[in-house]
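Structure, as structure tokens:
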Amino acid sequence: MHLSTKYSIAVHCLIFISEYSENTKVTSELLACSAGCNPVTVRNIISSLKKNGILSVKFGTGGAAINCPLNEITLYRIYSAIEPDFLSKLIGLHSAPSPFCPVGRNIHKILDTSYEQVRNDLRKSLQSITMEDIIKEYHNVQ
């Protein structure tokens, strides 16, 4: 199982924007410097979050702002904005089991049920954590 680092960069950016956008023009370059990544990566993340309605970006001069209440931004919403089908890609199945083997012929059906439960559990967990929770934690560790 693997979740891309894009998600942690997205959360990093959202914390930064939440904390500093009122007094600072938050640009992709500034966010990239803070997150330690390439500005193109940040721009792609911002674009995805903007399409989902999480962020707004001022045209021309730039500057990102959070577009909705923090308690409406769940980790699931962030993940879905960046990669809509991330749950289906989370757990891979080998693609060519033998159709002549009883196990090979049925392995996908067998694993689909278990893997769907894992995906449902992860979805519920990600839906239960909001940016409001994460920013509270950010304030607690300072």
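Note that the numbering runs from 1 along the sequence shown for the chain. Just so it is clear, the values below take in all heavy atoms, side chains as well, and ignore hydrogens, waters and symmetry mates.
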Is the ring pair His94/His108 parallel, tilted or perpendicular, if the boundaries are 30 and 60 degrees?
perpendicular
Checking Ser128 side chain against Ser125 main chain: does a donor-acceptor pair fall under 3.5 Å?
yes
Sequence neighbours excluded, the answer for ring-ring contact (aromatic ring centres under 6.0 Å, His included) partners of Phe16 is Tyr20
Only counting residues at least two apart or in another chain, list the ones meeting side chain to side chain donor-acceptor pair (under 3.5 Å) with Asn140.
none
So, do Leu87 and Tyr76 sit near enough that their side-chain heavy atoms are less than 4.5 Å apart?
yes
Is the closest side-chain heavy-atom distance between Val42 and Cys37 below 4.5 Å?
yes
Supply the atom-to-atom distance Asp112 CG to Arg119 CZ, rounded to the nearest 0.5 angstrom.
7.0 Å
side-chain contact (heavy atoms from CB on, under 4.5 Å) for Arg105 and Ser98? Distances and angles first, verdict last.
CA-CA 6 Å; Arg105 192 171 40 247; Ser98 172; over 6 Å; no
Can you confirm whether Glu137 sits close enough to Val141 that some side-chain heavy atom of one is under 4.5 Å from a side-chain heavy atom of the other?
yes
Give a yes or no answer on whether the side chain of Ser114 reaches the backbone of Leu111 with a donor-acceptor pair at less than 3.5 Å.
no
Establish whether Ile91 and Leu93 are linked, either directly or via other cluster members, by ILVMFWY side-chain heavy-atom contacts under 4.5 Å.
yes
What's the shortest heavy-atom distance between Ala35 and Ile9, and which atoms?
CB-CG2, 4.3 Å
A side-chain contact here means heavy atoms from C-beta on lying under 4.5 Å apart; do Ile135 and Ile15 qualify?
yes
Between Glu19 and Tyr138, is any side-chain donor less than 3.5 angstrom from a side-chain acceptor?
no
Closest heavy-atom contact between Asn38 and Ala32?
C-CB, 3.9 Å
Side chains of Ile134 and Leu75, heavy atoms from C-beta outward: is any pair under 4.5 Å?
yes
Asp133 and Thr130: side chain donor to acceptor below 3.5 Å:
yes
Closest non-hydrogen atom pair, Gly63 against Lys25
CA-CG, 3.9 Å
Can you check whether Glu83 reaches Tyr7 side chain to side chain, under 4.5 Å on heavy atoms?
yes
If you measure from CG on Leu126 to CZ on Phe86, what distance do you get to the nearest 0.5 Å?
5.5 Å
Euclidean distance, Asn44 CG relative to Ser28 OG, rounded to 0.5 Å
10.0 Å
Taking C-beta and beyond as the side chain, do Val11 and Met131 meet within less than 4.5 Å on heavy atoms?
yes
Reported CD1-to-OG distance for the pair Ile66 and Ser18, which is rounded to 0.5 angstrom
4.5 Å
Closest non-hydrogen contact found for Leu30 with Val26 is CD2-CA, 4.2 Å
Which pair of heavy atoms, one from Leu49 and one from Ala10, lies closest together, and at what distance?
CD1-CB, 4.4 Å
What distance do Ser80 atom OG and Asp85 atom CG have between them, rounded to the nearest 0.5 Å?
9.5 Å
Let me confirm one number: the CD1-CD1 distance from Ile110 to Ile107, rounded to the nearest 0.5 Å.
4.5 Å
Under the side-chain contact (heavy atoms from CB on, under 4.5 Å) criterion, do Cys68 and Arg77 qualify, and how do the steps go?
CA-CA 12 Å; Cys68 55; Arg77 184 173 176 186; 3.7 Å; yes
Can you name the side chain to side chain donor-acceptor pair (under 3.5 Å) partners of Asn67, sequence neighbours left out?
none
Tell me the closest heavy-atom pair linking Ile45 and Lys6, and the distance in Å.
CD1-O, 3.5 Å
